[in-house]
Amino acid sequence: MSLLFKHLRVHQVFGANTDVGKTILTSALVRASAAAGKSVFYLKPVSTGDASSADVEHIKRYRGPFKDRIQADCLYQYQEPVSPHLAARLANGNDETQIPTDQTVVNSIAHHIRQCAAASPDPSHMYVETAGGVHSPTLSGTTQLDCYRPLFLSTILVGDSKLGGISSTISAYESLVLRGFLVDAILLFRDKYYRNWEYLKPYFADRGVHVSTVNAPPPLLPDTSQNHASTEEYYQSLLTEGDDNGILSSIEHLDACHKNRLDELQSMPRRTLDTIWWPFVQHSYYQTEQDVNVIDSAYSDFFTVVRESPSTSSILQPQFDGSASWWTQAFGHTQPALTLAAARASGRYGHVMFPRATHLPALQLAERLVKEGPGKGWASKAYFSDDGSTGMEIALKMALRAFTVREGKEFDDTQKTSLGILGLKGSYHGDTIGAMNACEEGVYTCEWHHAKGYWLDPPTVSMRQGKVVISVPSAIASETSDVQGDSLAWVYDVPARLDTPPARVYKEYVEKTLDTLRRKGQTLGALVLEPLVMGAGGMLFVDPLFQRVLVDVVRGPSSSSSSWSGLPVIFDEVFVGLYRIGMESTTSVLGVNPDISVNAKILTGGLLPLAVTLASNSIYEAFFSDKKADALLHGHSYTAHAMGCEVANEALRMIDGLSRSDAWKEARAQWKSEGDSVWSFWDPTFIETVSRVDNVAEVMTLGTVLAIKIRDDDAGYTSHSAETVFRPIDQYDDGGNEFSVAPGGAPFGVHFRTLGNVAYFMTSLNTSSAVLRSLEDRIWKTLQRHS
């Protein structure tokens with residue numbers, strides 16, 4: 001991941017195009033740094049063409065009087081003077097398996113930088129020069145910006161002083177910014193004919209970007225010795241330029257940028273404690289600066305966080321994002337495709353209001369979700385909102401209105417406001433008041449909370465001591481006992497279990513409960529479920545047979561697909577939807593469709609907040625009349641914002657590709673999963689082994705989710721047992737593996753979240769098997785220390 005040293009200032013040099021003088025200006029920077037008394041390291045990661053005339057040789061040739069202070073190296077040198085991706089193929093006979101991968105290249109660069117940092121404990125400078133323009137391909141064919149992004153080194157952009165250079169320089173800068181690079185300075189030649197600097201300096205000054213200009217080098221001379229002398233004289237002249245914007249001022253500016261970044265990071269913990277109120281945090285437990293996790297950047301599945309380190313080590317370290325940033329990440333952080341989608345929509349629309357309007361991103365997303373995605377076969381309309389909680393508020397409004405209209409009774413205002421919902425104990429649908437009212441009272445509720453409904457205690461699924469167990473709650477235990485399943489596949493084969501004794505026991509329990517509620521005068525207006533997994537309630541994996549039976553009972557006699565009887569059914573798929581637990585929608589397992597469902601989180605790949613509430617036509621028709629007051633009078637200023645919709649469309653396209661990938665096929669094969677069978681990215685042998693650890697009460701997994709319940713007599717949300725057990729997992733120890741699975745090859749910590757005595761870990765949909773296996777090893781070692 002990103003490298004940042006207190007004593008070693010590192011800058012990566014990109015060019016706006018090929019042949020813009022990148023090596024000339026980098027050589028000038030190297031000499032200026034050496035002239036300032038610094039040890040200087042130069043690195044050319046990839047070079048093509050004759051080695052004797054390579055950039056690294058130019059640096060060595062023109063070290064001038066500073067030879068002892070300047071070290072120059074190249075990692076990958078290829079003979080053919082062509083693009084790196086082509087040179088690598090030619091050198092390896094088109095055998096792509098022999099071409100270094102992006103991770104290999106990045107790890108090699110990071111390893112070299114760390115070696116340089118260790119070699120010089122005194123204040124030093126380093127320059128890492130790229131090849132060609134910002135989007136020139138690397139050895140694998142990936143553009144340089146995407147290949148080098150894991151390193152997240154502070155950046156210098158060499159502008160283009162030739163004809164067309166204004167456009168290429170601005171375009172290169174914007175490409176860097178779109179990928180999050182910190183551009184500390186732009187350098188370019190003062191060409192006397194095109195005078196591009198006269199336009200670019202004020203242009204970038206308005207954007208707070210420093211621009212330095214230097215005289216262009218002299219023309220090449222045919223005589224080699226004369227050319228060397230002329231070039232040497234040129235470099236020496238740059239060190240005596242009186243221009244305040246010359247190469248010497250660039251060195252001062254770059255040093256100031258480095259210092260400012262260090263100072264900013266060091267000041268952030270105290271400033272945070274002074275001004276920020278965190279969600280879900282009891283601040284009395286976290287009052288020291290060491291309690292603040294300072295995130296400098298993020299890439300793939302990792303944060304880059306600030307950590308105290310030895311004097312010659314990077315103060316930034318990778319930290320695995322163990323909760324997928326509260327269940328949102330689909331592809332890891334900083335996916336260029338999603339960033340570009342957001343920029344595309346922002347540039348075209350900004351934000352436009354939505355009532356009685358449409359725009360292509362929203363329309364395409366609605367059609368995709370209704371006709372091809374989780375609403376296929378049952379939904380007719382998509383209603384946009386801000387996030388999962390507001391999406392659930394809308395779902396509740398839809399369901400309760402539809403219930404009162406479809407019942408055909410004249411409910412007075414008191415009866416309407418006393419309508420309750422039927423749900424499950426441990427459910428959670430968000431932190432807005434209406435969503436909280438749809439749950440029983442608990443740790444998430446507030447003074448205005450008014451629980452409206454009844455919550456059944458569901459049977460749950462987990463693995464204990466290597467066996468799959470369905471745990472039956474006391475309310476049902478008198479009729480049946482815990483059930484040991486043959487496998488997870490058997491538990492989630494709902495059609496095969498419908499005509500079994502447990503199904504009949506579940507049915508009798510639900511019917512008896514509903515009958516008791518009716519006799520007490522309780523009117524229920526909707527069934528609200530988190531299908532298969534209740535997340536915030538403790539990662540409770542509910543027996544799918546129970547939820548299927550529950551839906552069948554509340555609906556009563558079977559009805560046509562265009563209407564319903566009994567209670568409308570809401571599926572809260574904010575957490576579980578869109579393959580978080582291995583399936584696009586839980587309807588494929590439960591074998592029954594809802595009347596309303598809500599999707600969010602993964603919907604935009606974790607980049608922007610957006611929620612969509614899907615509804616059947618019969619729900620929609622309950623609001624359809626000639627009276628404005630009968631409409632669904634609910635909305636948000638940023639309803640269907642174009643950026644979120646465009647990003648969601650891109651995310652769904654990427655998910656479609658992943659669902660057919662070899663990595664998913666391999667993961668399914670591990671679990672012997674076919675068709676709609678359940679599966680997980682986590683290794684089944686690892687899950688079975690963890691379930692046998694002494695201090696583990698149970699473990700469970702589906703898709704990206706792993707939940708480990710620690711044995712604790714004081715179990716529940718307020719327990720600290722899981723946090724106590726797993727706290728060491730954030731230590732930076734990878735067993736001495738110099739080239740770790742984290743980008744950049746650094747040892748990594750693990751950021752994790754707990755729900756009382758339950759610790760959960762979550763991956764992205766594209767987390768590599770190498771990262772997963774390494775994470776499993778870390779979890780196993782941590783549990784062993786406390787067993």
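Computed over heavy atoms, backbone and side chain alike; hydrogens, waters and symmetry mates excluded. Everything numeric in this text was worked out from a predicted model, so none of it was measured.
- Under a 3.5 Å cut-off, the side chain of Ser764 and the backbone N or O of Asn766 do not form any donor-acceptor pair.
- Interatomic distance, NE2 of His258 versus NZ of Lys6, reported as 10.0 Å (0.5 Å rounding).
- Side-chain contact of Arg344 with Tyr349: a donor-acceptor pair under 3.5 Å is absent, judged by distance alone.
- Aromatic pair Phe152/Tyr299: centroids not less than 6.0 angstrom apart.
- Rounded to the nearest 0.5 Å, atoms OG (Ser33) and CE (Met126) are 12.5 Å apart.
- Checking side-chain atoms of Arg778 against main-chain N and O of Ser774 turns up no donor-acceptor pair under 3.5 Å.
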Asp321 and Ser325: side chain to side chain donor-acceptor pair (under 3.5 Å), yes or no, with the steps?
CA-CA 6 Å; Asp321 179 4; Ser325 280; 2.8 Å; yes

Checking Lys22 against Asp55 for the salt bridge (Lys or Arg N to Asp or Glu O under 4.0 Å) test, could you report, in this order, the C-alpha distance in whole Å, the side-chain angles of both residues, the deciding distance, and whether it holds? CA-CA 10 Å; Lys22 190 165 64 278; Asp55 294 342; over 6 Å; no

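- Closest heavy-atom contact between Leu139 and Pro100: CD1-CG, 3.9 Å.
- The shortest side-chain heavy-atom distance between His58 and Ile24 falls under the 4.5 Å cut-off.
- Side chains of Pro81 and Asp50 form no contact here, defined as non-hydrogen atoms less than 4.5 Å apart.
- Classification of Arg653 and Glu650 as a salt-bridged pair holds, one side-chain N sitting under 4.0 Å from a carboxylate O.
- At a threshold of 4.5 Å between non-hydrogen side-chain atoms, the residues Val214 and Leu25 count as touching.
- Asp777 and Lys781 are joined by a salt bridge, as a carboxylate oxygen and a charged side-chain nitrogen come within less than 4.0 angstrom of each other.
- Of the possible polar contacts, one joining the Tyr234 side chain to the Asn215 backbone as a donor-acceptor pair under 3.5 Å is found.
- Relative orientation of the Phe320 and Phe748 rings is tilted, given thresholds of 30° and 60° on the angle between their planes.
- Shortest non-hydrogen contact noted between Leu239 and Ala35 is CD1-CB, 4.0 Å.
- In the model, Ser140 has a side-chain atom that pairs as donor or acceptor with a side-chain atom of Asp102 under 3.5 Å.
- Rounded to the nearest 0.5 Å, atoms OG (Ser2) and CD1 (Ile315) are 9.0 Å apart.
- Taking each heavy atom of Gly49 and Gln77 in turn, the nearest pair found is O-NE2, 2.9 Å.
- Contact detail for Leu265 and Leu4: the closest heavy-atom pair is CD1-CD2, 3.5 Å.
- Checked options Ile70, Leu8, Asp73; the residue passing with Phe41 is Leu8 (criterion: side chain to side chain contact (heavy atoms under 4.5 Å, CB included)).
- At least one side-chain heavy atom of Thr312 sits less than 4.5 Å from a side-chain heavy atom of His7.
- Looking only at atom types and distance, the side chain of Asp122 has no donor-acceptor partner in the side chain of Ser120 under 3.5 Å away.
- In this model, a donor atom of one side chain and an acceptor atom of the other lie less than 3.5 Å apart for Thr288 and Asp291.
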Practice prompt. Quick one: do Ser250 and Ser212 satisfy side chain to side chain donor-acceptor pair (under 3.5 Å)? Show the steps, please.
Written response: CA-CA 6 Å; Ser250 295; Ser212 288; 2.8 Å; yes

Report task. Dump the intermediate steps for salt bridge (Lys or Arg N to Asp or Glu O under 4.0 Å) on Asp255 and Lys259, then the final yes or no. Result -> CA-CA 6 Å; Asp255 284 345; Lys259 181 180 183 301; over 6 Å; no

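- Proximity of a side-chain donor or acceptor of Gln329 to a complementary backbone N or O of Gly606 within less than 3.5 Å is detected.
- A distance-only check finds a donor-acceptor pair linking the side chain of Asp730 to the backbone of Val750 [under 3.5 Å].
- Ion pairing between a basic and an acidic side chain is recognised when a charged N comes within 4.0 Å of a carboxylate O; Lys44 and Glu57 show no such pairing.
- Using a cut-off of 4.0 Å between Lys/Arg side-chain N and Asp/Glu carboxylate O, Asp191 and Lys162 are scored as not salt-bridged.
- Although no hydrogens or angles enter the test, the distance criterion places a donor-acceptor pair under 3.5 Å between the side chain of Thr240 and the main chain of Ser237.
- Between Phe14 and Phe181, the angle of the ring planes goes over 60°, which puts this pair in the perpendicular group of the 30/60° scheme.
- One distance of note links CG of Leu182 with CD of Gln12; it measures 12.0 Å at 0.5 Å rounding.
- Heavy-atom neighbours of Asp263 CG from other residues, nucleotides or ligands within 6.0 Å: above the threshold of 12.
- Contact of the Thr97 side chain with the Asn92 side chain is not registered, since no non-hydrogen atoms from C-beta on lie closer than 4.5 Å.
- For residues 66-102, no pair satisfies ring-ring contact (aromatic ring centres under 6.0 Å, His included), with sequence neighbours left out.
- Screening Tyr199, Trp197, Tyr173 for a ring-ring contact (aromatic ring centres under 6.0 Å, His included) involving Phe204 leaves a single residue, Tyr173.
- In terms of heavy-atom proximity, Thr334 sits nearest to Ser300 at OG1-N, 4.3 Å.
- The OG1 atom of Thr763 sits 9.0 Å away from the CG atom of Leu775 when rounded to the nearest 0.5 Å.
- Here the side chains of Ile247 and Leu29 are in contact, with some heavy-atom distance below 4.5 Å.
- Ser171 places a side-chain N or O within 3.5 Å of a backbone atom of Ser167 that can act as its donor or acceptor partner.
- With contacts defined as side-chain heavy-atom distances shorter than 4.5 Å, the pair Ile156/Tyr127 qualifies.
- Counting heavy atoms from C-beta outward, Pro45 and Val128 have side chains that approach closer than 4.5 Å.
- Note: His111 NE2 to Ile109 CD1 = 12.5 Å, rounded to the nearest 0.5 Å.
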* Asked: Please walk me through it: do Lys38 and Ile251 pass side chain to side chain contact (heavy atoms under 4.5 Å, CB included)?
  -> CA-CA 11 Å; Lys38 302 293 192 296; Ile251 296 298; over 6 Å; no

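- Ring planes of Phe303 and His333: tilted class, angle from 30 to 60°.
- Under a 3.5 Å cut-off, the side chain of Thr48 and the backbone N or O of Ser83 do not form any donor-acceptor pair.
- Across all non-hydrogen atoms, the minimal contact from Phe752 to Ile729 is CD2-CG2, 3.6 Å.
- Using a 4.0 Å cut-off between charged nitrogen and carboxylate oxygen, Arg31 and Glu232 count as a salt-bridge pair.
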Next item on the list: Quick one: do Ser175 and His135 satisfy side chain to side chain donor-acceptor pair (under 3.5 Å)? Show the steps, please.
Entry: CA-CA 9 Å; Ser175 292; His135 284 301; 3.2 Å; yes

- [ ] Walk me through it: do Asn227 and Thr224 pass the test side chain to side chain donor-acceptor pair (under 3.5 Å)?
- [x] CA-CA 5 Å; Asn227 187 69; Thr224 302; over 6 Å; no

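- At least one donor-acceptor pair under 3.5 Å links the side chain of Asn196 to the backbone N or O of Asp160.
- Checking side-chain atoms of Ser230 against main-chain N and O of Gln226 turns up no donor-acceptor pair under 3.5 Å.
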